[in-house]
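If you're wondering where the values come from, they're calculated on a predicted model, not measured in any experiment. Counting convention: from 1, in listed order, for ligands and their atoms alike.
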Amino acid sequence: MGSSDRRQTQQAEERHLLTHIIAHIPSGVFWKDRDFRYLGCNEAFARSAGVARPDDIVGKTDYELAWEKEQADYFRTCDRRVMEEDRPLLNIEEVERQADGRQAILLTSKVPLHAADGQVCGVLGIDTDISELKRVEAELRQIRSELESRVRERTADLARANETLQGEVAERKRAEEALRVSQEQYRLVSELTSDYAYAFHADADGFCRVEWVTGAFTRITGHDASQLAGRGGWTQIVHPDDLPVVERRGQGLFAGRTMVTEFRIVGRDGRIWWLRDHARPIWHEAEHRTVRILGAAQDITERKQAEEESQRHQAALAHVARLSTMGELSAQLAHELNQPLCTIVGNAQTAQRLLSSASLDREELREALGDIVSAGKHAGEVIRRLRAFLREQQPQFVMLNVERVVEEVADFIEADARQHGRRVRFAVAPDLPVVRGDPIQLQQVLLNLVRNGLEAMREASEAAGELIVHVRRRDESNEVVIGVSDTGAGLPGENTETIFEPFFTTKAAGLGLGLSISRSIVEAHGGRLWAESNEGPGATFLFTVPAIRKGDE
Ligand code: ADP
């Protein structure tokens with residue numbers, strides 16, 4: 001076979017292949033001449049154009065086929081542009097009604113066809129039905145937009161949740177800060193007041209369990225709060241002498257009463273701590289019993305020590321006061337001792353006489369010696385009483401009726417006044433409130449003021465003047481005021497305070513201690529002692545003692 005034959009065969013094969021491809025590709029393929037008449041098409045295009053076979057389309061224009069006029073117009077416009085401009089028109093997307101009446105979306109590309117001389121001789125078109133593609137695409141778009149809107153919603157949800165969370169976080173931070181501040185304040189208050197607080201849970205059988213105890217407890221006592229758990233745990237650390245107080249406290253609490261008690265506890269290191277405990281029971285009406293106990297305790301060790309110190313101080317002052325009356329006492333003492341001494345001397349002389357006589361009367365001698373022994377014993381008794389008087393004594397605070405306190409020394413006062421050639425008058429108001437104090441000490445103060453008044457009156461010329469002891473209540477300050485008014489010489493100097501200084505005296509035999517001791521006694525009772533000049537002659541000395549309010553007893 002010659003080369004031209006071979007070329008012919010090859011060309012024939014290529015044409016066959018091309019025809020085959022054109023016939024079977026899923027797109028429609030067509031070609032037209034310059035006058036827009038179809039020269040041919042493939043099966044797919046023939047179907048859409050509404051002709052039975054591809055050959056049936058030859059010589060026809062778009063106006064003679066299945067399309068509507070507007071569509072045919074559009075095809076022509078496109079064909080014309082391709083051929084006139086000699087340029088392909090690619091990917092024209094158009095909606096086209098098919099021969100079978102179906103609306104299809106087609107993607108069409110048209111290219112110019114050239115004759116052997118290169119002149120444009122027609123147009124070749126290829127269209128692909130992209131309806132399905134478009135549908136899927138639309139569906140995808142729809143899905144995508146749904147997805148997007150869902151994402152947007154979700155994002156908004158998340159944003160809202162985040163906002164709420166942020167708010168909650170901020171709120172929690174604020175709450176934590178508030179808690180921290182309040183804990184800090186609580187710790188500070190607790191530490192500054194050296195208080196500790198606690199809560200106990202009480203069982204029906206009186207068994208107490210610690211719910212909580214604040215940390216200061218350990219700091220104060222050195223004991224671990226867990227030691228308090230269980231029956232008797234608490235009493236282990238109470239000072240044995242104060243167990244009855246704690247026992248009464250427990251009874252009160254279980255009977256539903258709030259209890260304020262002061263007692264000692266023994267710290268881990270053996271130190272003694274004074275506590276003021278304020279405990280409140282929580283009463284369960286239905287069970288008719290105390291179910292919880294809330295309390296707070298304060299370390300009052302220092303206060304107690306100061307109190308003890310002041311009591312010691314008091315006792316020392318009272319001791320000095322007694323010594324100052326020693327001068328007066330010595331006369332009485334001499335008188336009391338004189339009698340037994342006389343007896344002793346007299347009997348001793350008798351004994352001497354009996355011994356030097358020729359006939360010894362043993363019975364008489366025994367009697368004389370017996371008298372000496374009992375007189376000696378009597379003298380010993382006098383000395384013992386004096387010692388007891390001079391011995392320091394702690395003040396004894398008790399509930400007092402001031403009227404009684406005054407009454408008990410009224411006789412002494414009257415006798416004293418008589419001795420000084422003066423009269424004394426008592427003006428005691430009725431209905432005086434109860435006070436707390438040491439009766440002996442308060443009487444000592446009163447006697448001292450009376451004695452001073454009488455002494456001041458001794459020097460004064462006013463012979464008719466009287467001494468008044470007056471007692472009244474002062475409701476606005478809730479106290480009792482006791483006063484001694486004289487018609488004496490009046491206070492020495494302008495300053496009414498100088499006379500209260502220890503060792504200040506204007507008397508030849510004075511010690512100058514009476515007023516300063518009296519003042520410290522009155523102050524230990526929570527009262528005041530001061531002096532005022534009278535309108536007329538003389539001075540008035542006044543002292544107060546706080547009254548006990550109902551319920552404080
Ligand atoms: P003493 O009586 O030993 O002097 P006091 O402390 O009792 O000591 O009194 C101090 C001073 O106060 C007295 O020396 C006297 O000058 C003055 N004084 C006390 N009471 C009166 C009074 N009723 N009138 C005038 N002066 C008084």
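- For the pair Glu497 and Arg519, the salt-bridge criterion is met [side-chain N within less than 4.0 Å of a carboxylate O].
- With salt bridges taken as basic N to acidic carboxylate O contacts below 4.0 Å, none links Glu414 and Arg423.
- The side chain to side chain donor-acceptor pair (under 3.5 Å) check on Ser477 picks up Glu479, with sequence neighbours excluded.
- Looking at Arg249 and Asp277, a side-chain N of the basic residue comes within less than 4.0 Å of a carboxylate O on the acidic one, giving a salt bridge.
- Protein residues having a heavy atom under 4.0 Å from any atom of ligand 1 are Asn452, Gly453, Ala456, Asp486, Gly490, Pro492, Ile499, Phe504, Thr505, Thr506, Lys507, Gly510, Leu511, Gly512, Leu513, Gly514, Leu515, Phe541, listed by chain and number.
- The list of ring pair (Phe, Tyr, Trp, His ring centres under 6.0 Å) pairs with a residue in residues 235-276, not counting sequence neighbours, is empty.
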Pairs under 3.5 angstrom only: tabulate donor-acceptor contacts from the side chains of residues 173-180 to other protein residues two or more places apart or in another chain.
unit_1	atom_1	unit_2	atom_2	d
Arg174	NH2	Glu171	OE1	2.8
Glu177	OE1	Arg180	NE	3.3
Glu177	OE2	Arg180	NH2	3.0

